[in-house]
Structures are given as C-alpha cells and as structure tokens.
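The structure appears below as structure tokens.
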Amino acid sequence: MTGASSGIGAATARLLAAQGARVALVARRRDRLDAVRKEIENAGGSAVAVPFDLTAGQIDGQAVARELGGVDLLVNAAGILTPGLAADGRIDEWERQVEVNLTGLLRSTRGFLPFLTEAASAGGPADLVNISSVAASKAEFGAGVYAATKAAVSHLSRNLRLELAPAGIRVTDIQPGMVVTDLLSGSELGTAWSEDMKTRIDPLAAEDLAEVVAFAVGRPAHVSLPEVIVMPAKQT
C-alpha cells in the first residue's frame with residue numbers, strides 16, 4: 001500500500017486490515033506510518049510499516065514479501081498535486097508531481113510485480129490497483145501537470161491489464177473525483193480551492209474510496225473491474 005501515511009492509502013489499509021489482510025504501509029513519513037500501524041493493530045489487525053521514498057529508488061519488494069509471507073495485492077495510492085497555472089509553474093514542482101505520481105508508481109509496480117505473478121501462479125488472487133483521477137480524461141484548469149500524470153497512470157493501467165490478464169493478475173484503475181485528503185494541503189491555493197469545493201459538492205471521503213478498492217479486489221477471480229469512476233453526486 002503506497003501513500004499509506006494518510007488519505008486514500010491509509011483508509012484502504014485500515015479497511016483491508018479490518019477484513020483480515022496483513023498490510024504493508026509504504027510512505028516517506030515514519031511517524032505517520034507508525035501512527036497508522038498502531039491504529040490498525042489496536043483494532044485487532046496486522047500491519048508493518050515500510051518507510052520509503054519511491055522517488056529515491058527501487059523498493060525492496062522481496063523484503064516486504066518475506067515480512068508478509070507473500071504479496072497478492074498492490075494498491076498504488078501515493079500522489080501529490082501542486083495547483084497553479086502553466087505560466088507561473090515552477091519546473092521543480094512539475095517534476096515532483098511526475099516523480100511521485102508516475103515514476104514512483106512505476107517503481108512500486110516493478111518492485112512487487114514478481115510477487116503478484118507468483119501469487120497468481122499459485123492459483124490465488126493477485127490484484128494491482130492504481131489510484132488515478134477523473135482528471136485523467138479531461139482538461140483541468142490550474143492542474144495540467146497533475147492531469148497529465150494521471151492520464152499516464154490510467155493508460156498505463158490499460159496496457160498493464162492487457163499484459164497481465166493472461167497471467168491471472170487483475171488490474172483496476174480507480175478514477176476518483178474530488179476527495180477530502182491531504183493532497184491539496186501543501187499550498188494556499190490548493191487549500192482554498194478544496195475548502196470552496198467542500199461547500200458546493202459534498203466531496204468524497206477517503207473511506208469511500210477504500211470501500212471501492214475492497215469491493216474490486218473482493219470479486220470472484222473471474223470478475224474484473226478494469227476502470228472505476230467514483231464521483232461526488234454533485235460534481236459534474
């Protein structure tokens with residue numbers, strides 16, 4: 001579970017652990033990971049914290065698989081959004097979004113794919129879930145680079161499904177609309193935009209997305225949900 005220190009990643013980890021899964025929590029911030037891990041364990045679940053920055057290099061999937069006793073599900077939930085117009089954008093902020101939203105996802109997928117393949121070969125479930133965005137399929141004013149990274153994630157997911165389906169690995173691309181998370185908290189513009197949206201469209205909670213993930217991976221092995229769009233009812 002990447003992006004597991006907050007938001008959709010943390011909510012999904014809590015729910016899956018409550019349903020009996022043993023989860024690995026992957027994110028940069030050890031203190032936040034430890035807090036989520038303790039919360040899961042206090043609720044009777046099982047979790048291991050794996051502090052790691054996916055923009056810094058390749059994660060050791062083998063070590064995580066050894067700790068868990070195997071890996072049959074990867075949820076790529078890490079993501080950032082730095083809002084701003086192209087004319088005002090800083091190249092380092094653009095690059096950071098590409099590094100986290102796309103390069104980090106590629107690295108985690110590559111790190112754990114051998115173990116998903118192993119789980120599928122043994123006849124068990126094997127799922128890869130990527131958290132994209134509705135921004136993947138439309139122009140987003142002030143979020144062009146973010147939208148571009150999510151378009152890449154969604155198209156990558158389609159191609160991975162084509163490649164991995166014969167091996168028994170399901171690939172699900174989940175495209176949420178507005179969700180209340182820490183995604184926009186890093187800038188004044190993002191925080192203001194988020195607060196405005198809260199008053200107008202009743203946005204999704206991270207727990208709403210967690211339930212969608214759990215539903216998708218809980219289907220019988222012959223049932224796949226390749227793309228799932230999840231929107232607040234008032235968002236158009």
Side-chain angles (χ1 to χ4, degrees), residues 1-55 59-81 100-101 104-113 115-116 119 124-133 153 157 169-176 179-185 203-219 225 228 230:
M1 185 78 57
T2 71
S5 60
S6 63
I8 296 169
T12 303
R14 292 187 194 100
L15 180 57
L16 293 177
Q19 294 178 347
R22 188 167 191 228
V23 297
L25 310 169
V26 181
R28 292 181 299 112
R29 296 171 291 186
R30 177 181 288 275
D31 57 335
R32 298 282 294 270
L33 285 181
D34 284 339
V36 176
R37 176 184 57 80
K38 289 176 182 177
E39 185 179 350
I40 288 172
E41 292 176 346
N42 289 339
S46 177
V48 56
V50 184
F52 191 80
D53 184 353
L54 288 167
T55 69
I59 191 168
D60 188 350
Q62 185 171 7
V64 176
R66 185 165 54 245
E67 180 74 22
L68 295 180
V71 174
D72 57 20
L73 167 63
L74 170 62
V75 179
N76 283 312
I80 60 170
L81 165 57
V100 174
N101 299 352
L105 182 143
L106 289 169
R107 285 174 170 163
S108 62
T109 299
R110 188 66 191 89
F112 290 109
L113 189 55
F115 306 100
L116 295 178
D127 286 275
L128 169 61
V129 177
N130 293 327
I131 305 298
S132 180
S133 169
V153 168
S157 299
I169 300 173
R170 297 185 296 192
V171 179
T172 298
D173 176 42
I174 297 180
Q175 301 173 23
V179 186
V180 179
T181 69
D182 292 339
L183 185 67
L184 290 164
S185 62
L204 303 170
E207 289 74 17
D208 296 324
L209 273 298
E211 291 179 2
V212 173
V213 174
F215 178 83
V217 303
R219 297 311 87 205
L225 280 68
V228 182
V230 189

Q. Looking at residues at least two apart in the chain, or sitting in another chain, which of them share a side chain to side chain donor-acceptor pair (under 3.5 Å) with Ser157?
A. Asn130

Q: First locate atom CD1 of Ile131, then atom CG of Leu209, and finally report the distance between them rounded to the nearest 0.5 Å.
A: 6.0 Å

Q. Can you find a pair of side-chain heavy atoms, one from Ile40 and one from Val36, that are under 4.5 Å apart?
A. yes

Q) Looking at residues at least two apart in the chain, or sitting in another chain, which of them share a side chain to side chain contact (heavy atoms under 4.5 Å, CB included) with Arg37? A) Leu25, Asp34, Glu41, Ala47, Ala49

Q: Only counting residues at least two apart or in another chain, list the ones meeting side chain to side chain donor-acceptor pair (under 3.5 Å) with Ser133.
A: none

Q: Taking Asp208 for its side chain and Leu204 for its backbone only, find out whether a donor-acceptor pair lies under 3.5 Å.
A: no

Q.
Test of understanding: with side chain to side chain contact (heavy atoms under 4.5 Å, CB included), list the residues that count as partners of Arg66, not counting sequence neighbours.
A. Gln62, Ala63

Q | Verdict with supporting geometry, Asp173 and Val129, side chain to side chain contact (heavy atoms under 4.5 Å, CB included) | A | CA-CA 6 Å; Asp173 176 42; Val129 177; over 6 Å; no

**Q.** Note, Arg30 side chain near Ser5 side chain (heavy atom, < 4.5 Å)
**A.** no

Q | Main-chain N/O of Leu105 paired to Ser108 side chain as donor or acceptor, under 3.5 Å | A | yes

Sequence neighbours left out, cut at 3.5 Å: what donor-acceptor pairs do the side chains of residues 15-22 make with other protein atoms?
{"from": "Arg22", "atom 1": "NE", "to": "Ser46", "atom 2": "OG", "distance (Å)": "2.9"}
{"from": "Arg22", "atom 1": "NH1", "to": "Glu67", "atom 2": "O", "distance (Å)": "2.4"}

Q: Report yes if the side chains of Leu54 and Val100 come closer than 4.5 Å at any heavy-atom pair, otherwise no.
A: no

Q. In chain order, what residues pass the salt bridge (charged side-chain N to carboxylate O under 4.0 Å, His left out) check against Asp72, with sequence neighbours excluded?
A. none

Q. Any side-chain heavy atom of Val50 within less than 4.5 Å of one from Leu33?
A. no

Q) How far apart are the closest heavy atoms of Arg29 and Ser6, and which atoms are they? A) NH2-OG, 3.6 Å

Q | Nearest heavy-atom neighbours spanning Ala24 and Val64 | A | CB-CG1, 3.6 Å

Q) Looking only at heavy atoms, what is the nearest atom pair of Ser132 and Pro176, with distance? A) O-CD, 3.3 Å

Q: Flag the pair Leu128 / Leu116 as yes when at least one side-chain heavy-atom distance between them is below 4.5 Å, and no otherwise.
A: yes

**Q.** Gap separating the OG1 atom of Thr2 from the CG atom of Asn76, nearest 0.5 angstrom
**A.** 4.5 Å

Q) Quick one: side chain to side chain donor-acceptor pair (under 3.5 Å) partners of Asn101, sequence neighbours excluded? A) Thr149

(Q) Less than 6.0 angstrom from the centroid, inside 45 degrees of the normal: does Arg219 satisfy that with respect to the ring of Phe215? (A) yes

Q. Between Ile169 and Leu113, does a side chain to side chain contact (heavy atoms under 4.5 Å, CB included) hold up when you go through it step by step?
A. CA-CA 9 Å; Ile169 300 173; Leu113 189 55; 4.1 Å; yes

(Q) What's the separation between atom CZ in Phe115 and atom CG in Leu74, rounded to the nearest 0.5 Å? (A) 12.0 Å

Q. Taking only residues two or more places apart in sequence or in another chain, which ones pass side chain to side chain contact (heavy atoms under 4.5 Å, CB included) with Glu207?
A. Ala11, Arg14, Ala205

Q) Does Arg28 use its side chain to pair, donor to acceptor, with the backbone of Pro51 at less than 3.5 Å? A) no

Q. Mind checking what makes side chain to side chain contact (heavy atoms under 4.5 Å, CB included) contact with Val212, not counting sequence neighbours?
A. Ile174, Val228, Val230

